[in-house]
There are 2 protein chains.
Amino acid sequence: MPELPFTLDQLRILKAIAAQGSFKKAADLLYVTQPAVSLQIQNLEKQLEITIFDRGGRKALLTEAGRLLLEYCERILNQCDEACKAIEDLNSLKGGTLIIGASQTTGTYLMPRMIGLFRQKYPDVSVQLQVHSTRRTGWSVANGQIDLAIIGGQLPGDLENLLQVIPYATDQLALVLPAKHPLSNKKELLKEDLYKLNFVSLDSQSTTRKVVDKLLRDSGLDIQRLKIEMELNSLEAIKNAVQSGLGASFLPVVSIERELESGTIHKACIADLEVKRELKLITNPSRYTSRASDAFKKNILPQFASLESPLRQI
Amino acid sequence: MPELPFTLDQLRILKAIAAQGSFKKAADLLYVTQPAVSLQIQNLEKQLEITIFDRGGRKALLTEAGRLLLEYCERILNQCDEACKAIEDLNSLKGGTLIIGASQTTGTYLMPRMIGLFRQKYPDVSVQLQVHSTRRTGWSVANGQIDLAIIGGQLPGDLENLLQVIPYATDQLALVLPAKHPLSNKKELLKEDLYKLNFVSLDSQSTTRKVVDKLLRDSGLDIQRLKIEMELNSLEAIKNAVQSGLGASFLPVVSIERELESGTIHKACIADLEVKRELKLITNPSRYTSRASDAFKKNILPQFASLESPLRQI
DNA sequence: TCGTTTGAATAATTTAAATTTATGGAGACT
DNA sequence: AGTCTCCATAAATTTAAATTATTCAAACGA
């Protein structure tokens, strides 16, 4: 090892002696014996080829070189203390950054509440939310750019077993109609009724759209026969379109809570068809888990998790 | 020893890994084996209770805590480097301060030339000249406030054997007369002639005055009979007084070189009377000798020392 | 002036820590 | 799959640092 001319311990000893004016007192202060102090200072003096203390008189006095060294010594030790504090803060969740990934839906309607709760509990941890596609989110988790993420779609196969995927909650989707739509009076629609509707749907690339299409297909519907009036890439835009009577859509119920309350949108029920998907928490088990990430997982997520979610069992 | 959470070596390793992106390369860079690096980082992580590196992928990536620590790490190591440089500079006489003591006479007429030479040789060492009485200078050397001093008088007895006193040079004193004084024509004065003169002398507290008085007394003169026109505490003031014809004085020849050349002052010779004193270098052998002080003693003083001085024999 | 005390240096031993050699395992590139 | 690279681990060696005990020197009090 190509050596450094001194060690932090030596600097600490130097500082103590300078402060106490005595080798012995410094030794007591540092809970070591006096020879230990003497030897370390001797080593230091040998290494630097200087004399640090004038041992002549009643108390140990700094030489010019000693004073010079002490100045740097203080600065260095201060930096060390600061570093320790910063690390401690990080450990105790004061400071640090948590990066969360989410898809459109969860990012827009779920995350804000969860992040709000988190920030309330850990006000010194800053949180960053990245809304991307399920695919991109998955990759970000895989290579550590995102600490954890909640997704509502299917991961690419290769990521599926690289990441830890924990069922988290059920995202209920609903068919929504304009408030004054003729069919909004019926208690329950039939699947066939869907063919009579004009749809304002998410663009075909979106995860939610894919999920909905799959569900409908699985329930025996021919999605080609559905009339799609227009495709938009924003849930908010779709909500507005539906409210304006432009058509129907499948939307997450979490995204239309306010509209249902005010009655500007109508939520329909369909016989023998439940449109829902599993939201999943994904993390990268082979990567370092930050304390903030851990705290989020343990203390925040369970409060929003469905009863069946493993997160509840912790 | 109440421990610090990390060592400088660990920080050096951390920095190297961060820079190289690999434990192995860092090990090579630091001329150690790879396990040494691994273990040190493990110790560091254990101590700080954090994970510093993500060892998952192809290269070692810093975690958030790692990045935080690295920042401090860089700052600390930079300070260390700076400290080393400063000490090196001090060792090689680039930087540092030399504090020299002197009495009026040497301080005014000798030191400027010596210091000039010193500064020429060691331009990076700043020099401080303190002109005080012999007594005070002696004490300052004793307690380390002054590195070395040149005095022309007698030290208090207790300091005499505490300090190292080296004969350095002879300070020739001369009786000086106004240029147009009647006695300035005579080739050589007699001791008795002194009684005919009016003197402008140094004040009776000054070392030079005491030395002169003692010499005159030793040569059989009755100094009470000498007519002292006035006492001044500045050599320059006395020179001006003499030039103005106010009286005679005993002055160091080094202080009147210019006046002799221009003929504005006359230097008289006195039969059977040589007025001179020994200038002595004093240092404190029991104290740390700075490099600058050593250089001054070895390289500057000899050039101004008398042939008999021990300083010449080095 | 002489003990007496206090603080620092030294020596020898013990203890602890860091480094090395050797080896095992996991991921990456061909 | 096979090889290569890189990191972790284990055991042994070496190196360094701490401790106890002692000596030495300077300061202080009587």
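Chain identifiers are assigned alphabetically (A, B, ...) following the order of the sequence lines, protein sequences preceding nucleic acid strands; residue numbering begins at 1 within each chain.
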Round to a whole Å and report the spacing from CD of B:Glu45 to P of D:dT9.
11 Å
Just call it for B:Thr33: base, sugar-phosphate, or nothing, with non-hydrogen atoms closer than 4.0 Å on any strand.
base
Checking B:Thr51 against B:Thr63: is there a side-chain donor and acceptor pair closer than 3.5 Å?
no
Rounding to a whole Å, what distance do you find between A:Lys24:NZ and D:dT20:P?
12 Å
To the nearest angstrom, how far is B:Ile41 atom CD1 from C:dA17 atom P?
18 Å
Would you kindly give the CG-to-P distance between B:Asp54 and D:dC6, to the nearest whole Å?
18 Å
Kindly point out which of C:dA9, C:dT19, D:dC7 is positioned nearest to the side chain of B:Ser38?
D:dC7
Under the criterion salt bridge (charged side-chain N to carboxylate O under 4.0 Å, His left out), I'd like the reasoning laid out for B:Lys214 against B:Asp218: C-alpha separation, chi angles, the key distance, then a yes or no.
CA-CA 6 Å; B:Lys214 183 173 188 299; B:Asp218 287 350; 3.2 Å; yes
Evaluate the side-chain proximity of A:Arg55 to A:Phe23: yes if any heavy-atom separation is below 4.5 Å, no if none is.
yes
Can you check the B:Ile17 CD1 to D:dA8 P distance for me, whole Å?
9 Å
Rounded to whole Å, NZ of B:Lys25 lies from C1' of D:dC7 at a distance of 14 Å
Do the side chain of B:Ser140 and the main chain of B:Arg136 share a donor and acceptor less than 3.5 angstrom apart?
yes
Would you mind reading off the distance between A:Leu44 atom CG and D:dA16 atom P, rounded to a whole angstrom?
16 Å
May I ask you to check whether A:Ser92 and A:Glu88 show a side-chain donor-acceptor distance below 3.5 Å?
no
Residue pair B:Pro35/B:Asn43 against DNA chain C: nearer the 5' end by closest nucleotide is B:Asn43
Tell me if the side-chain of A:Gln34 makes a donor-acceptor pair with the base of C:dA9, cut-off 3.5 Å, by modelled atom types.
yes
Within the structure, does a side-chain N or O atom of B:Arg55 lie under 4.0 Å from either OP1 or OP2 of D:dC6?
no
If you check every side-chain atom of A:Ala36, which of D:dT19, C:dA9, D:dC7 has the closest atom?
D:dT19
Whole angstroms only, please: what is the CD-C1' distance between B:Gln20 and D:dC7?
16 Å
